[in-house]
Structures are given as C-alpha cells and as structure tokens.
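Notes for the one structure printed next.
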Amino acid sequence: MNICIIGTGYVGLVTGTVFAELGNDAVCVDKVEEKIEKLNKNEMPIYEPGLEELVTRNRKEGRLTFTTDLKSAVQGAEIIFICVNTPTSDNGDSNLSYVKAAAEEIGQSMNGYKIIVNKSTVPVGTGDMVYDIVSQHYNNSHDFDVVSNPEFLREGSAVDDALNPDRIIIGAPTKQVAFRLLELYSSLEAPMIITDVYSAEIIKYASNAFLSTKISFINAIANLCEKVGADVEDVAKGIGRDPRIGQAFLNPGLGFGGSCFPKDIKSLVYTSQKFGYDFELLKNVLEINEERVAHFFGMIKSRFPNLEGKTFAVLGLSFKPNTDDMREAKSIEIIKKLTAEKAVVRVFDPVAMPAAKKLIDSVTFCASAYEACSSADAMVLITEWREFKQLNLEKIKNSMKTAVIFDGRNIYDPSRKEKMGFEYYSVGRGKWPKSS
Ligand code: NAD
Ligand code: UGA
C-alpha cells in the first residue's frame with residue numbers, strides 16, 4: 001500500500017520505517033527542512049536503538065522516502081497518518097494547532113478517496129474535528145474517512161514495540177474502513193481491537209493514565225516504606241507476583257517524565273473536567289509525581305545542608321534509558337535545584353549529552369561516569385542506564401572526595417554498597433540520611 005506519514009518525529013519516523021519494512025511504500029513528511037535533509041543523508045535526528053539500520057535498508061530498497069512536500073505525499077497515498085506533536089499547556093488543555101494545520105493541508109491536497117488516520121495522542125472528539133477541517137478544505141467533499149489508531153510504542157524500544165505490538169486499536173466509522181487499515185498490520189501477530197473513534201481516543205489516554213497510576217502508587221508506598229523502615233523493592237516484588245497486578249511499572253524513584261505521561265495525564269484530567277467529571281484520582285497521581293524530585297532533593301539536603309561549593313556527579317540526563325529525549329527529564333529539575341544552591345555539578349549521559357547541552361548550562365559535561373565522579377562529594381543517579389549498573393564502583397569510590405551515592409532509581413543493592421564503604425541512599429528502602 002502507499003502510505004504517507006505527516007510528522008517525522010519519534011512516532012512518525014518509526015511508524016513510516018516499520019510500515020516500509022513490512023513491504024509498503026512510505027513517504028514521511030515534516031515541515032522542518034533540516035530534519036528531512038538529515039534523513040535524506042541517512043543521518044538519524046533521534047537516538048533510537050535499531051532505527052538507523054531499518055531506515056538505511058528501506059531507503060536503499062526504495063520503500064521509504066522523506067520530503068517536505070506534503071501535497072504530493074498526500075496525493076500519492078491511500079492512507080495518511082497524522083503523527084504530529086500534541087503538547088499540553090500547564091492547565092492540561094491540548095494544543096491541537098499542529099493537528100489542525102495538518103488536517104487543513106491534507107484537505108487542500110486531497111485528490112480522491114483517502115483514509116486519514118490519527119496516530120497522534122489527541123483528546124476525545126479530535127477525530128470529528130479533523131473530519132470537519134478536511135471536508136471544509138476539500139471542497140466540502142466527504143470522500144474520505146477519519147480513523148483513530150493510537151500508538152503505544154515506548155521510546156528506547158520503539159522499533160521493537162512497533163514490530164511487536166501487544167495490541168492494535170482501530171477506531172473507525174465502519175467495519176469496512178477498519179478492515180482496510182488492518183490490512184496494513186496483517187503481517188503482525190497482535191490482537192486487533194476494532195471500536196468506534198471516541199473509544200479508541202480514550203483507550204490511548206486510559207492506558208497511559210493507568211501506567212502512571214501504577215508508578216505513583218508504588219512511589220506512595222515507597223514513602224511509607226521510608227517511614228517504617230521497610231523495603232519497597234521487596235514490596236513491589238511481593239505484589240507484582242499477583243498476575244492481576246503484574247511486575248511491570250512498579251519501579252519507584254524520581255517519578256515519570258518524558259514527552260507523554262505528564263502531558264497525557266494532565267490532558268485527561270482537563271478533558272474529563274470539560275465533560276463534567278472531576279478526575280480526582282488522576283490529580284493525585286500527578287501530585288504524587290510532582291513531589292518526587294523535591295523529596296529526593298530533600299534526601300540530598302539532609303546529608304548536605306549547605307550545598308555551596310560541594311561537587312555532585314549527576315549520572316543520567318535523558319528522561320529514561322536508551323533515548324536521548326530530554327523532554328520532562330528529572331535531571332533538569334535536580335540540576336536546577338543543585339545549582340540554585342551553588343553546588344558544583346558534573347554530568348554524564350551515554351547518549352543525551354548533545355541534547356542536554358541545549359537545555360542545561362552551569363554544569364561540566366564529562367566524558368564518562370568516572371570523570372564525572374572524580375573528586376565529587378556525592379554521586380546522584382538519575383537515569384538507570386545499563387552501563388551505570390556495571391560501573392567499577394571500587395574505582396569510583398577511590399576517586400571521590402566522599403563516597404556517597406544518592407540513587408534515584410534503586411539500581412544498586414544497599415547492603416553491598418555499604419559493605420564496599422559507600423554511604424548509600426535510595427528510594428523507599430528505609431534509611432534516611434543524617435546531616436553530616
Ligand atoms: P515529535 O515532536 O517527536 O514529532 C512531531 C513532528 O511533527 C515534528 O518533527 C514536527 O516538526 C512535525 N510536524 C508538526 N506539524 C507538522 C505539519 N503540519 N506538517 C509536517 N510536520 C509537522 O513528537 P512525537 O514524540 O513523535 O509524538 C507525536 C504524537 O504521538 C504525540 O501526540 C504524542 O503524544 C504521540 N505519541 C508519542 C510517543 C512517543 O514515545 N514519543 C508514543 C506514543 C504516542
Ligand atoms: C510511555 C508508554 O509506556 C508508551 O506505551 C506510550 O506509547 C508512550 O508513553 C506515549 O504515549 O508516548 P515512554 O514515555 O517512552 O512510553 O516511556 P516509559 O517507559 O513508559 O516511561 C515513562 C516514564 O515513567 C519515565 O520517566 C520512566 O522513568 C518512568 N517509570 C517507568 C517509572 O518511574 N517507573 C516505572 O516502573 C516505569
């Protein structure tokens with residue numbers, strides 16, 4: 001099939017590439033010329049494991065192309081995916097201006113029947129909005145359908161997630177339209193759920209909201225564990241063994257960041273309010289999440305009440321491992337708090353340093369975790385990159401001014417670190433530091 005993807009970001013680029021890999025002809029469009037130029041030189045605009053190899057192969061075999069020419073991409077396609085960004089303002093109101101602009105341009109470019117698929121995460125009712133805009137700009141024609149096909153990939157494992165989805169959701173006006181879209185996915189072995197457009201739009205938010213609730217729940221349990229001296233990791237294991245609860249998304253720590261959970265939960269609260277429902281539960285989920293950084297910073301302050309002139313090695317900058325995405329990364333908040341109190345901050349991230357340099361100043365960017373920790377008063381671990389689990393901590397300890405670790409993601413074993421001679425503080429595992 002000939003498909004067109006509008007918006008070549010994390011979702012659009014991965015979606016287009018994976019559909020090309022499945023044998024379709026995919027044209028990815030973006031309005032940012034620099035991004036398209038890069039991709040046409042086979043340079044990846046984002047770090048995503050496995051992506052470059054797939055892009056290279058499919059470009060070479062002619063199934064994947066990149067352009068800024070939306071009109072010709074739309075005209076040559078039967079199915080058009082909208083994958084543009086949908087940021088949320090602080091009050092949770094989704095900014096749909098990019099979706100609106102894409103719909104307008106699609107309408108102006110239409111040259112016959114198309115299926116227009118909304119893959120961006122959008123509030124319920126946006127499918128109707130897209131339908132109205134396209135029809136206004138397409139000579140009031142109704143020779144098209146609008147479908148909701150939300151995306152569930154995670155950054156850092158996006159290619160694998162897109163090739164092995166755990167479900168495919170199609171919200172369509174008729175079964176016939178849904179089946180046509182499903183043909184695109186036919187070679188993937190995944191449960192397919194066909195529903196109406198509104199339900200599909202809500203499924204996306206409900207999924208992210210449920211996962212965020214699990215994270216805030218375990219973080220609230222971590223707070224209790226700290227008060228009574230229990231171990232949240234054992235509690236998470238103990239409850240996660242119940243298949244009705246499950247092990248996933250019970251990692252306590254600094255809370256959820258990234259481009260999706262915070263914005264999507266705010267948006268769902270806002271939309272619910274708009275329709276007359278006060279989603280108190282999700283407001284609490286957000287509140288618990290928002291106080292994670294202050295709580296962790298409080299731990300640092302308990303140990304080092306005066307931060308002026310103290311040196312901190314911040315390990316991990318991206319919002320999660322295996323990505324260079326810095327959107328709503330906890331590192332930014334922690335670093336701001338440290339530098340506001342005149343601490344010296346040395347940072348390292350295996351992949352996100354170039355992206356971080358555009359957002360963070362007043363810190364020293366180091367070439368390795370070892371360099372960052374050298375002469376530091378404490379290590380502050382923010383992102384649980386695999387390589388941080390494998391560090392030679394003996395070497396690090398010997399190079400530090402004081403052997404103190406604040407582990408925001410519980411990647412190390414407390415008793416082993418203490419045996420090694422570290423003062424080790426983590427989340428929800430009893431010990432709270434005493435002032436030095
Ligand atoms: P992104 O910011 O990485 O990419 C969006 C791209 O769309 C940008 O390159 C932008 O230039 C382009 N764009 C905007 N308006 C355009 C227009 N009119 N014409 C052409 N290009 C245009 O965003 P993303 O992370 O890929 O997210 C896209 C959507 O998918 C959002 O709604 C997001 O919530 C949702 N989503 C994201 C993820 C994820 O992991 N990032 C996962 C699932 C769903
Ligand atoms: C998330 C969802 O997992 C995807 O299914 C969804 O498609 C995507 O949002 C989206 O809608 O954009 P992503 O944001 O890439 O994917 O990353 P996650 O792995 O879900 O992590 C989100 C945040 O939660 C990270 O900051 C992570 O550190 C945090 N987290 C995750 C925890 O604090 N504890 C956990 O147990 C799991």
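Atoms within a ligand are numbered from 1 in the order they appear, just like the ligands themselves.
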Contact (N/O only, under 3.5 Å) between [X] and ligand 1:
| X | answer |
| --- | --- |
| Phe152 | no |
| Tyr98 | no |
| Lys35 | yes |
| Thr86 | yes |

[atom] [closest protein heavy-atom partner, distance rounded to 0.1 Å]:
| atom | answer |
| --- | --- |
| atom 8 (C) of ligand 1 | Asp30 OD2, 3.4 Å |
| atom 16 (O) of ligand 2 | Arg154 CG, 3.7 Å |
| atom 12 (O) of ligand 2 | Cys260 SG, 2.2 Å |
| atom 24 (O) of ligand 2 | Phe256 CB, 3.3 Å |
| atom 19 (O) of ligand 2 | Lys320 NZ, 2.9 Å |
| atom 1 (C) of ligand 2 | Phe261 CE2, 3.4 Å |
| atom 20 (O) of ligand 2 | Phe249 CZ, 3.2 Å |
| atom 32 (C) of ligand 2 | Ile215 CD1, 3.6 Å |
| atom 8 (C) of ligand 2 | Leu153 O, 3.5 Å |

Check: Should the pair His142 and Phe144 be assigned to parallel (<30°), tilted (30 to 60°) or perpendicular (>60°) ring geometry?
Finding: parallel

Notebook entry, point to check: Which atoms of ligand 1 are found less than 4.0 Å from any heavy atom of Ile6?
Noted result: 19 (N), 20 (C)

Note to self: Within ligand 1, which atoms have a heavy atom of Lys263 less than 4.0 Å away?
What the structure shows: 33 (C), 34 (O)

Among the heavy atoms of [X], does any lie under 4.0 Å from an atom of ligand 2?
| X | answer |
| --- | --- |
| Leu250 | yes |
| Gly255 | yes |
| Lys214 | no |

Note to self: When you compare the side chains of Asp93 and Ser89, does any donor N or O come within less than 3.5 Å of an acceptor on the partner?
What the structure shows: no

Notebook entry, point to check: If you look at every heavy atom in Ile332 and Met326, which pair is closest and at what distance?
Noted result: CD1-O, 3.6 Å

Notebook entry, point to check: What atoms in ligand 2 come closer than 4.0 Å to a heavy atom of Gly257?
Noted result: 23 (C), 25 (C), 26 (O)

